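Because the structure is a prediction, the values reported are computed rather than measured. For the numbers below, each heavy atom of this structure counts, side chains included, while hydrogens, waters and symmetry mates do not.
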Amino acid sequence: MATAGGGGFGPGAIPGLRRSALYVPGDNPRMIEKASTLPADMVILNLEDGVADSRKAEARAGVARALGAIDFGPREVVVRINSLSSATGVEDLRALVPCRLCGICLPKVEEASEILHADALIGELESKHGLAVGGVRLHAMIESAAGVVNAAAIARSSRRLSSLMFGSADYAKDVRCQVGPERTELWLALQMVVLAARAGGIDALDAPCFDVRNPELLSREALQARRLGFDGKSAIHPGQLDIINRIFDVTEEEIRWARTVLAELAGAESAGRGLTTLDGRLIENPHRIAAERILRRCGELRS
């Protein structure tokens, strides 16, 4: 529940929310264990970028052991595997799906067919190991011009897909842009990712801020992303989590507004009207949807 100071849930991870997603190197057991104590809503154990080819198999085995041995509490634990176009990525899936992880993050997704391929492979593995088919979620990294252009089709490709995650570094390389501190060069891509996620009924997560010693820049990026409609933001350092959680949290003011909207609309319905006004402004069904979403985020309303 939100606090009177306008903050939100507080420092801990919140089940069902994706305000913050912390990338953790899959070949660093100490950092993986530490992640189980941090206030990240999602922990992404990374087997792709940052893990040398010579250490891929070792990192995969270490992540599998960690999933079986570490209690991550309310955190959503996801593994970013290598591309399924490689034997390494397929081996990642085979080794990790039986570990009962929450989800798989697919890197550099450019077409809906990639999601469908992963969905089929995961379904086969779930059936083989006696797991509920559909239990392992998918998260798609959008990191290229093709990925952005095809984001809407990707977002609607599978019921297993839970989020689109923007990757700004690879995207900037792909389109050959030079990103400034205001990220003007990324605005179109950011908006397209949000639009695709909303059309597909899934979450959208912004890229990390790579300057880990610059909290002001992180705050600007996170505020920008929230204004654009993102549900959360990725992090590459634990020190970024508190700022991200605070900015993407639900405030007391938002909760009061949501309660009032629902109460006013309920009164209007009792009087036989489908809409009413609040503070001189028309409110109707779209406002109800927004209000219900806020109250679900703070746990006051169940889905």
Side-chain angles (χ1 to χ4, degrees), residues 7-8 10-14 17-28 30-32 34-52 59 75-76 78 80 105 107-109 139-145 147-148 151 163-194 197 203-249:
I14 306 298
L17 293 192
R18 297 184 176 114
R19 299 168 303 173
S20 55
L22 178 66
Y23 286 101
V24 180
D27 59 350
N28 191 320
R30 182 185 62 81
M31 291 183 70
I32 293 174
K34 177 67 174 176
S36 69
T37 68
L38 297 172
D41 292 331
M42 294 179 68
V43 172
I44 303 177
L45 307 179
N46 188 15
L47 296 177
E48 196 225 4
D49 290 349
V51 178
R75 296 156 193 83
E76 182 177 10
V78 173
R80 181 162 78 166
C105 178
K108 301 177 179 65
V109 176
H139 304 269
M141 295 289 302
I142 305 298
E143 305 181 77
S144 67
V148 169
S163 78
L164 299 181
M165 306 181 71
F166 185 56
S168 61
D170 283 323
Y171 171 82
K173 290 177 185 176
D174 189 50
V175 302
R176 304 172 197 168
C177 71
Q178 298 178 358
V179 182
E182 299 305 319
R183 302 202 301 176
T184 309
E185 303 78 10
L186 301 179
W187 285 357
L188 177 60
L190 290 167
Q191 289 173 321
M192 289 181 70
V193 169
V194 169
D203 285 346
L205 277 76
D206 187 24
C209 175
F210 294 99
D211 188 347
V212 298
R213 294 194 176 101
N214 193 335
E216 291 80 13
L217 179 61
L218 172 62
S219 294
R220 287 204 305 273
E221 287 189 12
L223 285 167
Q224 178 192 66
R226 177 153 193 188
R227 288 195 301 269
L228 286 172
F230 280 89
D231 298 282
K233 186 174 178 65
S234 302
I236 56 173
H237 190 279
Q240 298 177 315
L241 294 172
D242 286 341
I243 290 175
I244 292 172
N245 284 342
R246 173 175 53 81
I247 289 173
F248 284 96
D249 212 342

Legend entry - Any Gln240 side-chain heavy atom under 4.5 Å of Val212 side chain: yes

Legend entry - 4.5 Å side-chain heavy-atom contact, Pro39 and Asn245: yes

Legend entry - Close side-chain approach of Cys105 to Met141, heavy-atom, < 4.5 Å: yes

Legend entry - Test side chain to side chain contact (heavy atoms under 4.5 Å, CB included) applied to Gln191 and Leu228, step by step: CA-CA 7 Å; Gln191 289 173 321; Leu228 286 172; 3.7 Å; yes

Legend entry - Shortest non-hydrogen separation from Pro25 to Met31 and the atoms involved: CD-CE, 3.8 Å

Inset, instruction - Of all the heavy-atom pairs spanning Ala204 and Ala197, show the shortest one and how long it is. - result: CB-CB, 3.7 Å

Legend entry - Distance (rounded to the nearest 0.5 Å) between Arg220 CZ and Ile243 CD1: 11.5 Å

Inset, instruction - Look up atom CG in Leu241 and atom NZ in Lys233, then write down how far apart they are to the nearest 0.5 Å. - result: 12.5 Å

Legend entry - Residues Lys108, Asp49; criterion side chain to side chain contact (heavy atoms under 4.5 Å, CB included); working and verdict: CA-CA 11 Å; Lys108 301 177 179 65; Asp49 290 349; 3.5 Å; yes

Inset, instruction - Hey, could you give me the CE/CG distance between Met192 and Leu188, rounded to the nearest 0.5 Å? - result: 5.5 Å

Legend entry - Side-chain touch Phe230/Val193, heavy atoms, less than 4.5 angstrom: yes

Inset, instruction - From the options Asp206, Asp231, Asp242, Asp41, select the one residue that forms a salt bridge (charged side-chain N to carboxylate O under 4.0 Å, His left out) with Arg19. - result: Asp41

Inset, instruction - Over all heavy atoms of both residues, which pair between Cys177 and Leu186 is shortest? Give the atoms and the distance, please. - result: SG-CD2, 4.5 Å

Inset, instruction - Could you walk me through whether Val43 and Ser36 pass side chain to side chain contact (heavy atoms under 4.5 Å, CB included), step by step? - result: CA-CA 8 Å; Val43 172; Ser36 69; over 6 Å; no

Inset, instruction - State, to 0.1 Å, how close Ser20 and Ile244 come at their nearest heavy-atom pair, and which atoms those are. - result: CB-CG2, 3.8 Å

Legend entry - CD-OG distance between Glu185 and Ser168, expressed to the nearest 0.5 angstrom: 11.5 Å

Inset, instruction - Determine yes or no for a side-chain-to-main-chain donor-acceptor pair under 3.5 angstrom, with Arg80 supplying the side chain and His139 the backbone. - result: no

Legend entry - With Asp203 via side chain to side chain donor-acceptor pair (under 3.5 Å) - residues at least two apart: Arg18

Legend entry - Nearest heavy atoms of Asp174 and Ala145, plus distance in Å: OD2-N, 2.7 Å

Legend entry - Interatomic distance, Asn46 atom CG to Ile32 atom CD1 [nearest 0.5 angstrom]: 10.0 Å

Legend entry - Spacing of Ile236 atom CD1 and Cys209 atom SG [to the nearest 0.5 Å]: 7.5 Å

Inset, instruction - Flag the pair Met42 / Leu205 as yes when at least one side-chain heavy-atom distance between them is below 4.5 Å, and no otherwise. - result: yes

Inset, instruction - Side-chain contact test, heavy atoms from C-beta onward, threshold under 4.5 Å: evaluate it for Gln224 versus Leu190 and give yes or no. - result: yes

Legend entry - Non-hydrogen side-chain atoms of Leu22 and Arg75 separated by less than 4.5 Å: no

Legend entry - Minimum heavy-atom distance between Ala225 and Phe248, given as atom pair plus value: CB-CZ, 3.9 Å

Inset, instruction - Sequence neighbours left out, what passes ring pair (Phe, Tyr, Trp, His ring centres under 6.0 Å) with Tyr23? Give chain and number order. - result: none

Inset, instruction - Just jot down the salt bridge (charged side-chain N to carboxylate O under 4.0 Å, His left out) partners of Asp211, sequence neighbours excluded, or say none. - result: none

